[in-house]
Engineer: 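Below is a structure I'd like to ask you about.
Chain identifiers are assigned alphabetically (A, B, ...) following the order of the sequence lines, protein sequences preceding nucleic acid strands; residue numbering begins at 1 within each chain. All values below come from the heavy atoms of this structure, side chains included, with hydrogens, waters and symmetry mates left out.
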Amino acid sequence: RELLNDSLIAKSGHDLKRQLQIANSQGISINGDLEDLLIAGYLVNAGLGDLELEDLSISYIQKIIPSWRNERGKTFSVFNLPPGLPDDIIAKICGARLEAVRQLKPKLWELMEKTGLNKLYHDVEKPLIRVLYKMERQGIKVEPETLREFGRSLKNRQSQLESDIYSLVQEEFNISSPKQLGVILFEKLGLKAPKKTKTGYSTDAEVLESLYDAHPVIPKILEYRQNVKLQSTYIDSLIVLIHPRSGRVHPTFNQAVTTTGRLSCTDPNLQNIPVRSEEGRLIRCAFVPPDSEQRLFSVDYSQIELRVMAHFSQDQAFKEAFLRGEDIHKFTAAAVFGVPVSEVSHEMRDRAKAVNFGIIYGISGFGLARNIGVSRKEADAFIEAYFSKYPGVKQYGEELIARAKQTGEARTLLGRIRKLPELSSRNFTLRSFAERMARNTPIQGTAADIIKKAMVSIDNRLCNNPELGKLLLQVHDELIFEVRGSEWPILAKIVKQEMESAVTLDVPLVVDFKLGTNWGEMTPVQLEG
DNA sequence: CCTGACTCC
DNA sequence: CATGGGAGTCAGG
């Protein structure tokens, strides 16, 4: 315990955030530098897939760590070994793991050094481990009764929809089975199947929306599906995850999953709680601050990915739009459609927005056409007009791919690496995927770098003064805090300062604030002056 | 255990 | 020739 507490002694291990949680549950705090092989392995090769100690050991020191397996050959996690396992076996497994840590550490640190990842590790990922640990331990309060009540109304609607659907198709079947639904729609009712999957007819939302008016059962099926999803994922499962003592859900933020450097979130995934649909948004209303004095406070980066693209591409027009504080989608629409900004219609803006996002993802005319519901030819024309207005963006995309082909990897602003060996594949599809990743990863990944760096700085500002507010969640371009309602402007100033100056780009970084008594009803707020 | 469906940025 | 990036969870099969 003394050693673990000693802040002058660095701690090496694998998945140290987990170790912090386990130690904390035993009333032990672990201080000192964290040298985490999981994070190092992730930075060295994020695309590797499994980064368990066993996997790193095979890849980097060519050693197999002994493990205990069940009858079917499945390995037990060391954190969940079967009860009654003899001590000498446990000792053998743990000893081998410790030895693997000892040998892996210099290997991985050397690889980080060689590939220029040291700074990213030390300045961002390492301090972020403790930030995420605190967020997980803090959790966010959820009102189970709000969820249950919404669940009851969903259940009623559900039975209504079921009987409507059965009577419309004159048959009872499992609406949740895409296989059975396909047979009903495309054989019994004789609707024309617009596309197929590997295993049969596709019945996804895109297909059903294209058939919206073709039969009165279609809208009911769409609503049924939305209902089932809300009920199973966002009501039933969420209630189970409320901790009985804290009244909160305590998600796990995974720092070593995504290929681009983003975080991911599980148990529950609070990065995909519904927000777009009115019904779905009701789920958010169950997420609340701990008492009536406090509020939830959200701060999100405005258009961070497009700003990153403006910076990297150095496109004059694109940069100017942000420097002048324009609405970027409106500005793009005006440029592409050749009208003044004041005459841009909603539809023009929506289409320009789709092109802006499409560009980030490595768009094709085909994909854009499908997305905004125009012909392939029209979509091609949009893209051409876009590139003629933003020639720097076009050139940047081409340069990115050329550069990535030379090095076999894509890099972000802070030097995060994604290996892309498929860039030299002779298979067109594989190569095209890699090319889109080469375009997208520097943008998505740089945005991830920026918010991670901001989280670390914010934590530094708040840690000596926890009454200012508590960071609860990160949703890719957004941070959510608990704050004493009357004091949100103090928190806002700190968070704004740290988020907007996390890095310096050639265009400004801008954040927006929202405040509310629950996560579903947040109102935009601004600092005075 | 995989697939296809839905949810998010 | 196939066709926008990154995730997680669920039910069905």
Side-chain angles (χ1 to χ4, degrees), chain A residues 46-47 72 74 173-182 195-208 221-238 240-241 251-254 257-277 279-281 283-284 300-301 303-305 309 354-372 376 379-380 383 397 410 418 420 426-445 447-448 451 473-478:
Chain A
R72 291 203 306 255
K74 201 178 172 304
F173 66 105
N174 186 343
I175 308 165
S176 294
S177 162
K179 195 174 158 192
Q180 293 183 35
L181 179 63
K195 65 173 180 179
K196 302 197 98 186
T197 65
K198 283 173 211 164
T199 54
Y201 306 109
S202 168
T203 65
D204 66 19
E206 189 193 335
V207 164
L208 297 186
I221 291 166
L222 280 164
E223 194 186 345
Y224 177 89
R225 283 228 179 111
Q226 189 198 17
N227 252 332
V228 167
K229 186 68 179 178
L230 289 178
Q231 182 76 248
S232 64
T233 304
Y234 298 111
I235 297 196
D236 299 342
S237 310
L238 195 56
V240 174
L241 289 168
T252 299
F253 284 98
N254 202 322
V257 164
T258 73
T259 49
T260 57
R262 277 188 176 181
L263 300 177
S264 77
C265 182
T266 60
D267 304 306
N269 179 0
L270 298 184
Q271 292 181 321
N272 74 348
I273 301 299
V275 65
R276 292 171 197 174
S277 78
E279 314 82 79
R281 187 187 282 257
I283 300 288
R284 291 195 174 214
D300 75 298
Y301 278 114
Q303 309 293 0
I304 188 169
E305 290 189 340
M309 193 175 73
V355 184
N356 273 333
F357 285 114
I359 295 294
I360 292 173
Y361 301 144
I363 203 170
S364 69
F366 182 92
L368 181 66
R370 197 184 44 171
N371 222 12
I372 63 177
R376 170 72 194 268
D380 284 338
I383 295 173
R418 177 176 189 181
L420 290 169
R426 274 85 60 219
N427 178 318
F428 173 87
T429 307
L430 278 181
R431 191 174 64 248
S432 301
F433 269 108
E435 287 175 0
R436 288 195 291 273
M437 294 169 193
R439 294 173 101 98
N440 175 260
T441 298
I443 297 172
Q444 188 183 123
I451 195 165
L473 306 177
Q474 188 249 44
V475 190
H476 310 306
D477 64 350
E478 175 186 20

Engineer: Select one nucleotide: of C/dG13, C/dG6, C/dT9, the one nearest the side-chain heavy atoms of A/Q180.
Structural biologist: C/dG13
Engineer: Heavy atoms from C-beta onward define the side chain here; which of C/dT9, C/dA11, C/dA7 lies closest to that of A/T233?
Structural biologist: C/dT9
Engineer: Compare the minimum distances between each of C/dG8, C/dG12, B/dC6 and the side chain of A/S264, then state the nucleotide with the smallest one.
Structural biologist: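 Minimum distance to the A/S264 side chain belongs to C/dG8.
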Engineer: Please determine whether a side-chain nitrogen or oxygen atom of A/N272 lies at a distance below 4.0 Å from atom OP1 or OP2 of B/dC6.
Structural biologist: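 Result: no.
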Engineer: How many whole angstroms separate atom CD of A/E305 from atom C1' of C/dA7?
Structural biologist: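 In whole Å, C/dA7 C1' lies 13 Å from A/E305 CD.
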Engineer: Any side-chain heavy atom of A/P268 within less than 4.5 Å of one from A/Y234?
Structural biologist: no
Engineer: Counting heavy atoms from C-beta on, name the nucleotide in C/dG13, B/dA5, C/dG5 closest to the side chain of A/P178.
Structural biologist: B/dA5
Engineer: Does A/S364 have a side-chain nitrogen or oxygen under 4.0 Å from the phosphate oxygens OP1 or OP2 of C/dG4?
Structural biologist: yes
Engineer: May I ask you to evaluate whether A/R262 reaches the phosphate of C/dA7, defined as a side-chain N or O under 4.0 Å from OP1 or OP2?
Structural biologist: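 The answer is no; no side-chain N or O of A/R262 sits under 4.0 Å from OP1 or OP2.
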Engineer: Please classify the nucleic acid contact of A/S432 as base, sugar-phosphate, or nothing, using heavy-atom distances under 4.0 Å.
Structural biologist: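 Nothing: the residue A/S432, judged by heavy atoms under 4.0 Å, touches no strand.
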Engineer: I need the OH-P distance between A/Y361 and C/dA2, as an integer number of Å.
Structural biologist: 24 Å
Engineer: Would a distance-only check, ignoring hydrogens and angles, find a side-chain to backbone donor-acceptor pair under 3.5 Å from A/R284 to A/P274?
Structural biologist: yes
Engineer: A/A205 near the nucleic acid: base, sugar-phosphate alone, or nothing, with a heavy-atom cut-off under 4.0 Å?
Structural biologist: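 Answer is sugar-phosphate: A/A205 comes under 4.0 Å of backbone atoms only.
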Engineer: Checking contacts here: which listed nucleotide (C/dG8, C/dT3, C/dG4) is nearest the side-chain heavy atoms of A/K229?
Structural biologist: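 So the nucleotide nearest the side chain must be C/dG8.
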Engineer: Using a heavy-atom cut-off of 4.0 Å across all strands, would you classify A/D267 as base, sugar-phosphate, or nothing?
Structural biologist: sugar-phosphate
Engineer: When you get a sec, tell me which of C/dG4, C/dG12, C/dG8 is the closest nucleotide to the side chain of A/S177?
Structural biologist: C/dG12
Engineer: Knowing that exactly one of A/K179, A/R225, A/K195 qualifies, which makes a side chain to side chain donor-acceptor pair (under 3.5 Å) with A/T203?
Structural biologist: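 The passing option is A/R225.
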Engineer: Is there a donor and acceptor pair, one atom on the side chain of A/N440 and one on the base of C/dG4, closer than 3.5 Å?
Structural biologist: no
Engineer: Return the stacking result for C/dC1 and A/F428: yes when the ring centres lie under 5.5 Å apart and the planes under 30°, no otherwise.
Structural biologist: no
Engineer: Rounded to whole angstrom units, what separation is found between the CG atom of A/D204 and the C1' atom of C/dG12?
Structural biologist: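 The distance from CG of A/D204 to C1' of C/dG12 comes to 16 Å, rounded to the nearest Å.
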Engineer: Would you mind telling me which residue lines up with the more 5' stretch of DNA chain C, A/T260 or A/V228, judged by nearest nucleotide?
Structural biologist: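 Comparing both residues, the 5'-ward one is A/T260.
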Engineer: Between CZ of A/R262 and CD of A/Q474, what distance do you get to the nearest 0.5 Å?
Structural biologist: 8.5 Å
Engineer: Hey, does the side-chain of A/Q444 have a donor or acceptor N/O within less than 3.5 Å of a partner on the base of C/dG5?
Structural biologist: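 A donor-acceptor contact between them is present.
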Engineer: When the C1' atoms of C/dC1 and B/dA5 are compared, how many Å lie between them, rounded to an integer?
Structural biologist: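 Looking at atom C1' only, B/dA5 and C/dC1 are 27 Å apart.
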Engineer: Nearest whole angstrom, please: distance from the C1' of C/dG6 to the CZ of A/F357.
Structural biologist: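 After rounding, the gap between these two atoms is 14 Å.
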Engineer: Need one value for A/Q226: base, sugar-phosphate or nothing, where a base atom within 4.0 Å counts as base even if backbone is also close, heavy atoms only.
Structural biologist: sugar-phosphate
Engineer: Please classify the nucleic acid contact of A/G358 as base, sugar-phosphate, or nothing, using heavy-atom distances under 4.0 Å.
Structural biologist: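 Base, at least one base atom sits under 4.0 Å.
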Engineer: Is there side-chain contact between A/F253 and A/L473, with at least one heavy-atom pair below 4.5 Å?
Structural biologist: yes
Engineer: What nucleotide, of C/dA2, B/dC9, B/dA5, holds the atom closest to the side chain of A/T429?
Structural biologist: C/dA2
Engineer: A/S237 and A/T233: which non-hydrogen atoms are nearest, and at how many Å?
Structural biologist: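 Scanning both residues completely, I find the closest heavy atoms to be CB-O, 3.5 Å.
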Engineer: Can a side chain N or O of A/R370 be found less than 4.0 Å away from OP1 or OP2 on C/dG4?
Structural biologist: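 A/R370 to C/dG4 OP1/OP2: side-chain N or O found under 4.0 Å.
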Engineer: Remember a base hit wins even if backbone is also touched, and classify A/A434 as base, sugar-phosphate or nothing at under 4.0 Å, heavy atoms.
Structural biologist: nothing
Engineer: Rounded to whole angstrom units, what separation is found between the OH atom of A/Y224 and the P atom of B/dG4?
Structural biologist: 20 Å
Engineer: Between A/R439 (CZ) and C/dG4 (C1'), how many Å, whole number?
Structural biologist: 11 Å
Engineer: What integer number of Å spans the C1' atoms of B/dC6 and C/dA2?
Structural biologist: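 Straight-line distance between the two C1' atoms is 25 Å.
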Engineer: For C/dT3 versus B/dT3, give the span between their P atoms, rounded off to a whole number of Å.
Structural biologist: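 16 Å, rounded to whole Å.
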Engineer: May I ask you to test the A/V355-A/L368 pair for a side-chain heavy-atom distance under 4.5 Å?
Structural biologist: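 The answer is yes, as the side chains (C-beta and beyond) meet within the 4.5 Å cut-off.
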Engineer: What's A/T203 touching, base or sugar-phosphate or nothing? Going by heavy atoms closer than 4.0 Å.
Structural biologist: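 Touches sugar-phosphate only.
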Engineer: What is the distance from atom CD1 of A/I383 to atom CD1 of A/I359, rounded to the nearest 0.5 Å?
Structural biologist: 6.0 Å
Engineer: Quick one: which of B/dC6, C/dA7, B/dC9 gets closest to the side chain of A/R225?
Structural biologist: B/dC6
Engineer: What is the distance, rounded to the nearest whole Å, between atom CG of A/N269 and atom C1' of B/dC8?
Structural biologist: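 In whole Å, B/dC8 C1' lies 7 Å from A/N269 CG.
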Engineer: What about A/R276, does its side chain sit under 3.5 Å from the base of B/dC8 through a donor-acceptor pair?
Structural biologist: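 Such a pair does not exist between side chain and base.
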Engineer: Between C/dG5, C/dT9, C/dG4, which one does the side chain of A/R418 approach most closely?
Structural biologist: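 Side chain of A/R418 sits closest to C/dG5.
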Engineer: Indicate, with a heavy-atom threshold strictly under 4.0 Å, whether A/I443 touches base, sugar-phosphate, or nothing.
Structural biologist: nothing
Engineer: To the side chain of A/S176, which of B/dC6, C/dG12, C/dG13 is closest?
Structural biologist: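 Output: C/dG12.
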Engineer: Rounded to whole angstroms, how far apart are OH on A/Y201 and C1' on B/dA5?
Structural biologist: 19 Å
